[in-house]
There are 2 protein chains.
Amino acid sequence: MYSFTEENYLKAIYKLQEQSSEAINTNAIAISIQTKAASVTDMIKKLSEKKLLEYEKYKGVVLTELGKKVAIETVRKHRLWETFLHNKLNFTWDAVHDIAEQLEHIQSQELIDKLDDFLGFPSHDPHGDPIPGKNGEIKESNFVILSELMEGETGIISGVVNHSSLFLKHLESNELILGKRIMVEEVVAFDNSFQVKIEGKKILQLSNEVARNILVKKMK
Amino acid sequence: MYSFTEENYLKAIYKLQEQSSEAINTNAIAISIQTKAASVTDMIKKLSEKKLLEYEKYKGVVLTELGKKVAIETVRKHRLWETFLHNKLNFTWDAVHDIAEQLEHIQSQELIDKLDDFLGFPSHDPHGDPIPGKNGEIKESNFVILSELMEGETGIISGVVNHSSLFLKHLESNELILGKRIMVEEVVAFDNSFQVKIEGKKILQLSNEVARNILVKKMK
DNA sequence: AAATATTTTTAGACTAATCTAAAAATTGTA
DNA sequence: TACAATTTTTAGATTAGTCTAAAAATATTT
Ligand SMILES: [Mn+2]
Ligand SMILES: [Mn+2]
Ligand SMILES: [Mn+2]
Ligand SMILES: [Mn+2]
């Protein structure tokens, strides 16, 4: 139905729209998709003709309902494939994204429905991101960033803000993986670093940079 | 490494080469790949420059070792994905081919290795075709077509010659599926049709056309 | 408000893959 | 062997997606 490239543009614009509330400008898309502004102008004209977004010259773009639907379907496919790669094929969580970037463009509604079923209708992908449902519904997560926890508070690691391979590998090598319980023992006033305890055992020192990129579900 | 289109050409030429032993001519490729002869000429020039095949003007093409390797890898990917779709996602055997045509072009050696492992290193795909190994080895099957069996002989259904969706659906609706034991009760002299018994129960009348398109492993 | 800087669009070109129509080569037949 | 039929190649166009360089519009400073 829509090309590889069209789906990638829609997904990129959708993700930018999630953060900004204003119309998305050409440059932002160019940076996000690693291409040139001139190419973006060409493509958004085309997407606009196909009623996937609204485009006003020099004013940026906003996805239509149709465009948003296609974007969310692509995100759904991406996250289901990531889950498959991690849960069934034993890929580490830092390796799944690049392959899912390819798999998300396979065209077959039945394939995605059956994959979803096979995976047991997972709610979140290996990075803790919610997987949109068949009808596009996205469950809100009530996760907070670890650096918001007070001394003595506990959370379950539930996601990441930074998705870079480097960061994910760093977390994994320190047993900071999804589902682990983590308790803040001390917030060091000097550099805002965090001393934490993982599952009653290991004590770790986390830089503020790291603490700001881990999402936890707060326990009371 | 190689584009979607290049892989499709190599696979098509490989399959034609399996049957003919002579150089493969332009028209045969055009028909097999559903394109025009002029397009084929352009593409084989390109594949020749990339050392994937040897091309002599007006004389057709022969794959090089490299070209054959890429073709076999593509066949391997195709058949592993078909097996995944059938065995894990419960697609019927007539539905797997079209989706595998897309999946076979996903680029990741690690993905294929892990998929192979996940499936338990299957030797044959859902249509009974052998799955090439990681190093390109293809096991010979000693299957014969059902119409070669004599009255009283028994075979295990092990593959199909015709891969069309129509034929596969027809077989399935008659319980003629891989693994079933089938015994030839009578070969009707008039039209060379076959009266067969499946697994000790059902008796079926198969046209010669059908019998010529079923592969069986002969039992003694 | 004018000048300057930045962003966006346009113009024109390029690549991969395809097509149609015409020319050239090969094959089959009288 | 010559003529006709078929196959293959070439020439020139097209489409999707991309790029660079230049022009136009918008935003920021003075
Ligand atoms: Mn991802
Ligand atoms: Mn993810
Ligand atoms: Mn197939
Ligand atoms: Mn098959």
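The sequence lines fix the lettering, A, B, ..., with proteins before strands; numbering per chain opens at 1.
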So, OP1 or OP2 of dC19(D): does either fall under 4.0 Å of a side-chain N or O from Thr35(A)? yes

Could you tell me whether Lys45(A) contacts a base, only the sugar-phosphate backbone, or nothing, with contacts defined as non-hydrogen atoms closer than 4.0 Å? sugar-phosphate

In whole Å, I'd like the distance from the CG atom of Asn25(B) to the P atom of dT27(C). 11 Å

Would you tell me if any nitrogen or oxygen in the side chain of Lys36(B) comes within less than 4.0 Å of OP1 or OP2 on dT20(C)? yes

Tell me whether the OP1 or OP2 atom of dA16(D) has a side-chain N or O from Ser3(A) closer than 4.0 Å. no

When all nucleic acid strands are considered with a 4.0 Å heavy-atom cut-off, which category describes Tyr9(B): base, sugar-phosphate, or nothing? sugar-phosphate

Minimum side-chain heavy-atom gap Ile44(A)-Thr26(A) below 4.5 Å: yes

Salt-bridged, Lys77(A) to Glu73(A), with N to O below 4.0 Å? no

Output yes when a side-chain donor or acceptor of Thr64(B) lies under 3.5 Å from a complementary backbone atom of Leu52(B), and no otherwise. yes

OP1 or OP2 of dC19(D) under 4.0 Å from side-chain N/O of Ser39(A): yes

Under 4.0 Å between a side-chain N or O of Tyr55(B) and OP1 or OP2 of dT8(D)? no

How are the rings of Phe84(B) and Trp81(A) set to each other: parallel, tilted or perpendicular (split at 30° and 60°)? tilted

Looking only at dA11(D), dT18(D), dT26(C), the nucleotide nearest the Ala38(B) side chain is dA11(D)

Considering only heavy side-chain atoms of Ile44(B), the closest of dT9(D), dT18(D), dT26(D) is dT9(D)

Between Glu6(B) and Lys50(B), does any side-chain N to carboxylate O distance fall below 4.0 Å? yes

Mind checking Asp42(B) for me? I need base, sugar-phosphate or nothing, with any heavy atom below 4.0 Å counting as a touch. base

Interatomic distance, Glu7(B) CD vs dA16(C) P [rounded to whole Å]: 16 Å

Tell me the interatomic distance from Lys59(A), atom NZ, to dT8(C), atom P, rounded to whole angstroms. 12 Å

Among dC19(C), dT10(D), dT18(D), the one nearest Thr41(B) by side-chain distance: dT10(D)

Within this structure, what is the CD-to-P distance between Glu6(A) and dA16(D), rounded to whole angstrom? 9 Å

Whole-Å distance between dT7(C) C1' and Ile24(A) CD1? 15 Å

Between P on dT15(D) and CD on Glu49(A), what's the gap in Å once rounded to a whole number? 13 Å

Would you say Asn27(B) places a side-chain N or O within less than 4.0 Å of OP1 or OP2 belonging to dT6(D)? no

Provide, to the nearest angstrom, the distance between the CD1 atom belonging to Ile33(A) and the C1' atom belonging to dA16(D). 15 Å

Could you tell me how far apart Tyr58(B) (OH) and dT8(D) (C1') are, to the nearest whole angstrom? 5 Å

